Amino acid sequence: MAPVPAQEAQPTRRRRPCILSFTAARDRCLRRRFLSAGLRPFSIRLPSPAGAGTTVHVWAPPRPARRAVLLLHGFGASATWQWAPYLRKLIAAGLDPIVPDLLFFGASSSPAPDRSEIFQARTVKSAMDAIGVRRFAVVGVSYGGFVAYRMAAMYPEAVERTVLVCAGVCLEESDLSTGLFPVSDVGEAAQLLVPRRPAEVRRLVRLTFVRPPPIMPSCFLRDYIKVMGSDHIQEKTELLQTLINDRKLSDLPKIRQPTLTIWGEKDQVFPMELAHRLQRHLGENSRLVVVKNAGHAVNLEKDKKVCKNIIEHLQEPASKDEASGEKEVELH
């Protein structure tokens, strides 16, 4: 069955936010930033074989006409929280940002049992088809980078260029037992990345930011968990389990698109070893930018520098596609 036509994409209805909720107020503020940038929210219902009953929520221009860049978020809050600082700079650079919520984040969901990044990639591609975008660059942060990588491998005719930000796609399940990560098994990883208590949120923030907030009151953290982190907990846990279980580098395909990899030098979630491993895996089509004084949340800690590197990569002429190597960026 053909993808849902763009005109059938329906504006999303948001549930009413909690009264006196700082998190809900912040969410409304970020949504207004998306609206003021000219993007509109759509809920796209996908038919089989993409996944009957699957709904993908997307922020996109009403009629994308310029070069499209697909922005894929990581674990945490919905896409608006992770990409709001990038919109106006990308638009000023002549790009049309398209920002979906991945399945089981924000307003995207599916009754299908598949939890693989391959299924995520397939649903996002179907959503892009539905809004009429056939060619695009893709940028993925952390878990979103896993999905971006799969999209590049599965749809080389659609994906022009790739940017991976702190995306540990080269990890192997055996890395957990060797001490490469701050967790030793999949269950502990799920507890870290899908926090249910204020203490778990504090641990996650301290692991992902070089300069975490010095004070994180429990009342605010409980509010965040209630508003942004209480949906699809089981499904998110299963996403992590599927991502890590039996994962081997030898099974990872090589993508051929010109690829920029951006990494926080002090990333504790996906340490620098994975950045170098990815460089070796991709070879001459890739380039690594190491951002100093930044951790796993480099896209939030150093958003101006990350956005500048993204734009430069997307605007590179074809003659530079074969450039490779590592560039370290000193940030203050």
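This is a predicted model, so every value here is computed, not measured.
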Partners meeting ring pair (Phe, Tyr, Trp, His ring centres under 6.0 Å) with Y149 (sequence neighbours left out): none

Kindly compute the distance separating CD1 (I262) from CG (L288), expressed to the nearest 0.5 Å. 9.5 Å

Any side-chain heavy atom of F119 within less than 4.5 Å of one from T54? yes

For the side chain of D101 and the backbone of A107, is there at least one donor-acceptor N/O pair under 3.5 Å apart? yes

Nearest 0.5 angstrom please: R32 CZ to T80 OG1, how far? 12.0 Å

Can you name the nearest heavy-atom pair linking R33 to A84, along with the distance? NH2-O, 3.6 Å

Would you mind checking if R161 and E316 are paired as a salt bridge, meaning a charged N to carboxylate O distance below 4.0 Å? yes

Between E273 and R280, does any NZ, NE, NH1 or NH2 come within less than 4.0 Å of an OD or OE carboxylate oxygen? yes

Tell me whether the NZ or CZ atom of K125 lies within the 45° cone about the ring axis of Y155 and under 6.0 Å from its centre. yes

If you compare all heavy atoms of P213 against all heavy atoms of V205, which two are closest, and at what distance to 0.1 Å? CD-CG1, 3.7 Å

Close side-chain approach of L314 to L95, heavy-atom, < 4.5 Å: yes

Results of salt bridge (charged side-chain N to carboxylate O under 4.0 Å, His left out) for R197 - residues two or more places apart only: E200

To the nearest 0.5 Å, how far apart are NZ in K305 and NZ in K292? 13.0 Å

Heavy-atom pair with the smallest gap, counting every atom of A167 and S142: CB-O, 3.6 Å

What about the rings of F105 and H73, do their centers lie closer together than 6.0 Å? yes

Side chain of R203, backbone of A199: donor and acceptor closer than 3.5 Å? no

Report yes if the side chains of V138 and V69 come closer than 4.5 Å at any heavy-atom pair, otherwise no. no

Check the pair R66 / I91 against side-chain contact (heavy atoms from CB on, under 4.5 Å), numbers first and verdict last. CA-CA 9 Å; R66 304 186 300 174; I91 292 169; 3.2 Å; yes

Sorted by chain and number, sequence neighbours left out, salt bridge (charged side-chain N to carboxylate O under 4.0 Å, His left out) with E235 holds for none

Kindly indicate whether the side chain of V58, heavy atoms from C-beta on, has any atom under 4.5 Å from the side chain of I98. yes

Give every residue pair that meets the salt bridge (Lys or Arg N to Asp or Glu O under 4.0 Å) criterion with at least one member in residues 136-152, sequence neighbours excluded. E117-R150

Would you say that V291 contacts W263 through its side chain, given a criterion of any heavy-atom pair below 4.5 Å between the two side chains? no

Okay, side chain of R40, backbone of L35: is any donor-acceptor separation there less than 3.5 Å? yes

Please name all residues satisfying side-chain hydrogen bond (donor to acceptor under 3.5 Å, both in side chains) with K304, sequence neighbours left out, ordered by chain then number. none

Which residues satisfy the side chain to side chain contact (heavy atoms under 4.5 Å, CB included) test with T259, sequence neighbours excluded? T162, L164, I255, T261, L282, S286

Counting C-beta onward and ignoring hydrogens, is there a side-chain heavy-atom pair between D267 and V298 closer than 4.5 Å? no

Chi angles and distances behind the side-chain contact (heavy atoms from CB on, under 4.5 Å) call for L90, L71: CA-CA 11 Å; L90 292 172; L71 306 177; 3.8 Å; yes

Check whether any side-chain N or O of Q120 sits under 3.5 Å from a backbone N or O of L103 as a donor-acceptor pair, and report yes or no. yes

Using the ring pair (Phe, Tyr, Trp, His ring centres under 6.0 Å) criterion, which residues pair with H313? Sequence neighbours excluded. none

Between Q257 and V159 (side chain of the first, backbone of the second, donor and acceptor by atom type, cut-off under 3.5 Å), is there such a pair? yes

Run the side-chain contact (heavy atoms from CB on, under 4.5 Å) check on V269 and F181 step by step: do they pass? CA-CA 6 Å; V269 176; F181 302 115; over 6 Å; no

Between L176 and L171, is there a shared hydrophobic cluster once you connect ILVMFWY residues whose side-chain heavy atoms come closer than 4.5 Å? yes

Return the CG to CG distance between L192 and L204, rounded to the nearest 0.5 Å. 5.0 Å

Using modelled atom types only, decide if a donor and an acceptor are shared between the side chain of E238 and the backbone of I233 within a distance under 3.5 Å. no

Whether N245 side chain and Q241 backbone form a donor-acceptor pair below 3.5 Å: yes

Does a side-chain N-to-carboxylate-O contact under 4.0 Å join R134 and E157? no

Rounded to the nearest 0.5 Å, the CE atom of M151 sits from the CZ atom of R122 at a distance of 11.5 Å

4.5 Å side-chain heavy-atom contact, I225 and P198: yes

Residues two or more places apart in sequence or in another chain: which of them pass ring pair (Phe, Tyr, Trp, His ring centres under 6.0 Å) with F136? none

What residues, two or more places apart in sequence or in another chain, satisfy side chain to side chain contact (heavy atoms under 4.5 Å, CB included) together with P64? P61, D96, V133

Any donor-acceptor N/O pair, R287 side chain to E284 backbone, under 3.5 Å: no

Are the side chain of E301 and the backbone N or O of V210 linked by a donor-acceptor pair below 3.5 Å? yes

Residues pairing under side chain to side chain donor-acceptor pair (under 3.5 Å) where one sits in residues 164-177, two or more places apart or in two chains, turn out to be D175-R277

Mind checking what makes ring pair (Phe, Tyr, Trp, His ring centres under 6.0 Å) contact with Y86, not counting sequence neighbours? W83

Using distance alone, with no hydrogens and no angle criterion, decide if R88 and S36 have a side-chain donor and acceptor under 3.5 Å apart. yes

Assert yes or no for the condition that the ring centre distance of F22 to Y224 is strictly below 6.0 Å. no

Could you walk me through whether C170 and L252 pass the side-chain contact (heavy atoms from CB on, under 4.5 Å) test, one step at a time? CA-CA 7 Å; C170 283; L252 188 70; 3.9 Å; yes

Flag yes if F220 and F209 sit in one hydrophobic cluster, no otherwise; membership is Ile, Leu, Val, Met, Phe, Trp, Tyr, and two members link when side-chain heavy atoms are under 4.5 Å apart. no

For the residue pair E160 and A137, what are the closest heavy atoms and their distance? OE1-N, 4.3 Å

Provide the closest heavy-atom pair for M272 versus G264 in the form atom of the first, atom of the second, distance. SD-O, 4.0 Å

Smallest heavy-atom separation, A93 atom then Q315 atom, equals O-NE2, 3.1 Å

Quick test of your reading: applying ring-ring contact (aromatic ring centres under 6.0 Å, His included), list the pairs with at least one residue in residues 292-312, sequence neighbours left out, ordered by first then second residue. F270-H296

Can a donor-acceptor pair be found, under 3.5 Å and without considering hydrogens, that links the side chain of S108 to the backbone of F104? no

For T23 and S21: C-alpha separation, side-chain torsions, deciding distance, then whether side chain to side chain donor-acceptor pair (under 3.5 Å) applies. CA-CA 5 Å; T23 306; S21 165; 4.5 Å; no

A side-chain contact here means heavy atoms from C-beta on lying under 4.5 Å apart; do I44 and S126 qualify? no

